[in-house]
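Take a look at the structure set out below.
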Amino acid sequence: MRRRLIAANWKMHLGRVEEALAFVRGIRHLLSRVEDVELVLCPPFTVLSALAEVLRPSPIALGAQNMHWEERGAHTGEISPTMLAGVCRYVILGHSERRATGGASEGDAAVGRKVHAALPHGLVPIVCVGESAEGKEAGETHDFVGGQVQAALAGLTPEQVAACVIAYEPVWAIGSGRSATPAEANRTAGLTVRGTIAETFGEDAARAVRVLYGGSVGPDNIAAFMAMPEIDGALVGGASLGPEFVKLVRRAAAVP
Ligand code: 13P
């Protein structure tokens with residue numbers, strides 16, 4: 001059984017300690033009562049430690065939004081796996097907003113290095129994949145997303161792959177108010193993400209890995225995505241920053 005997961009990607013919001021603490025104190029008790037769905041908040045680095053303190057007694061987990069693959073060294077501005085281990089349990093890797101501007105340091109090979117670096121530290125990678133609007137138009141979704149999945153997971157054992165989370169986030173759906181249809185997302189999650197994993201790592205790994213959908217998810221469409229058999233949850237941007245997040249989580253948890 002795959003445990004359902006809702007992850008909040010705060011992006012570059014709520015990064016001051018007071019505002020992050022105020023927001024989390026406001027929703028923590030409401031969210032702690034939600035069962036059957038694992039919750040992960042991925043705030044900016046600047047507030048991870050402060051939130052770790054207030055969330056310690058709750059079942060809500062924390063994630064970082066990025067990570068370098070080296071443990072230490074002359075990498076100005078970077079955060080390493082050793083710095084995150086012990087503070088958070090998850091780490092988003094290869095988000096399209098980073099891939100778009102990061103060049104080789106956010107390319108497929110780099111994302112693969114980051115995934116390899118995260119796992120030995122007990123950090124669960126949330127690997128983001130997804131095609132552009134042009135790619136979708138050209139009918140390249142399967143090959144492109146499949147390639148991203150392969151590159152991110154290359155060289156891992158099937159057990160390591162099973163521990164990962166893959167977030168299918170079509171670039172055109174992020175922040176646009178135009179989500180993929182649940183059926184479209186389900187198809188890519190199943191045929192492309194799990195299908196690609198099955199080819200290289202076997203059926204068991206493909207069945208065990210959790211696949212999220214992300215891109216304009218809100219309280220009004222979350223239930224339709226959660227009802228899809230290949231989709232195990234969501235990676236939520238804009239709708240994770242206010243009280244509507246509580247509504248979204250409750251609606252997700254209400255899906256049988
Ligand atoms: P939105 O939910 O704002 O579309 O963002 C999705 C996303 O990029 C999550 O990582």
Side-chain angles (χ1 to χ4, degrees), residues 4-15 20 23 27 31 37-45 47-48 60-67 84 88-102 106 111 114-115 118 123-133 135-136 141 144-145 148-149 152 164-182 184-186 188-189 193 210-226 228 231-252:
R4 296 187 294 170
L5 170 66
I6 302 280
N9 177 7
W10 289 6
K11 307 190 180 183
M12 203 167 68
H13 299 284
L14 297 176
F23 178 62
I27 62 170
L31 294 181
V37 177
E38 186 176 2
L39 294 177
V40 183
L41 303 181
C42 304
F45 290 126
V47 301
L48 270 177
I60 301 171
L62 277 175
Q65 296 177 17
N66 181 38
M67 189 197 79
L84 295 178
C88 57
R89 169 135 184 73
Y90 287 85
V91 59
I92 296 173
L93 298 176
H95 193 282
S96 61
E97 287 158 8
R98 300 196 61 84
R99 291 183 189 256
T101 56
E106 296 290 345
V111 173
K114 293 179 186 202
V115 172
L123 293 162
V124 178
I126 300 176
V127 180
C128 299
V129 296
E131 82 285 2
S132 65
K136 180 179 161 61
T141 301
F144 185 79
V145 173
Q148 286 183 318
V149 169
C164 290
V165 177
I166 309 290
Y168 170 55
E169 299 205 301
V171 175
W172 49 269
I174 294 176
S176 66
R178 189 167 70 93
S179 65
T181 66
E184 245 175 356
N186 187 64
T188 304
V193 177
R210 289 185 289 178
V211 183
L212 311 182
Y213 168 74
S216 296
V217 174
D220 294 337
N221 62 8
I222 184 68
F225 287 107
M226 297 302 286
M228 291 290 139
I231 297 175
D232 304 307
L235 181 55
V236 185
S240 72
L241 297 169
E244 62 180 333
F245 186 60
V246 175
K247 197 191 267 185
L248 182 156
V249 170
R250 286 186 171 154
R251 289 190 179 167

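Side-chain atoms are counted along with the backbone in the values below, which use heavy atoms only and exclude waters and symmetry mates. In each ligand, atom 1 is the first atom listed, and ligand 1 is the first ligand listed.
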What are the two closest non-hydrogen atoms of Ile222 and Val217, and how far apart are they?
CD1-CG1, 3.7 Å
Could you report the tightest heavy-atom contact between Gly215 and Ser179, atom names first, then the distance?
O-CB, 3.3 Å
Numbered atoms and elements of ligand 1 in range of Glu169, under 4.0 angstrom, heavy atoms
6 (C), 7 (C), 8 (O), 9 (C), 10 (O)
Taking it one step at a time, do Lys114 and Glu106 satisfy salt bridge (Lys or Arg N to Asp or Glu O under 4.0 Å)?
CA-CA 10 Å; Lys114 293 179 186 202; Glu106 296 290 345; 3.1 Å; yes
Number the atoms of ligand 1 from 1 as they appear, then name those within less than 4.0 Å of a heavy atom of Leu235, with their elements.
9 (C), 10 (O)
Numbering as shown, the atoms of ligand 1 that approach Gly237 to under 4.0 Å (heavy-atom distance):
1 (P), 2 (O), 3 (O), 5 (O), 6 (C), 9 (C)
Any nitrogen or oxygen of Gly214 lying under 3.5 Å from a nitrogen or oxygen in ligand 1? Just yes or no.
no
For ligand 1, which atoms sit closer than 4.0 Å to a heavy atom of Ser216?
1 (P), 2 (O), 4 (O)
How close does the nearest protein non-hydrogen atom get to atom 5 (O) of ligand 1, and which residue and atom is it?
Lys11 NZ, 3.2 Å
Min over Cys42, Gly175, Gly130 of heavy-atom distance to atom 1 (P) of ligand 1 lands on Gly175
Distance from Ile174 atom CD1 to Leu235 atom CG, nearest 0.5 Å?
8.0 Å
I'd like to know if Glu38 and Arg89 make a salt bridge, using a cut-off of under 4.0 Å between side-chain N and carboxylate O.
no
Using a plain distance cutoff, I'd like to know if His95 has any nitrogen or oxygen under 3.5 Å from a nitrogen or oxygen of ligand 1.
yes
4.0 Å heavy-atom contact, Gly215 with ligand 1
yes
Per-atom filter on ligand 1: closer than 4.0 angstrom to a heavy atom of Gly238 are 1 (P), 2 (O), 3 (O)
Side-chain (Ser176) to main-chain (Ala173) donor-acceptor, under 3.5 angstrom
yes
Checking heavy atoms under 4.0 Å, the part of Ile174 that sits near ligand 1 is both
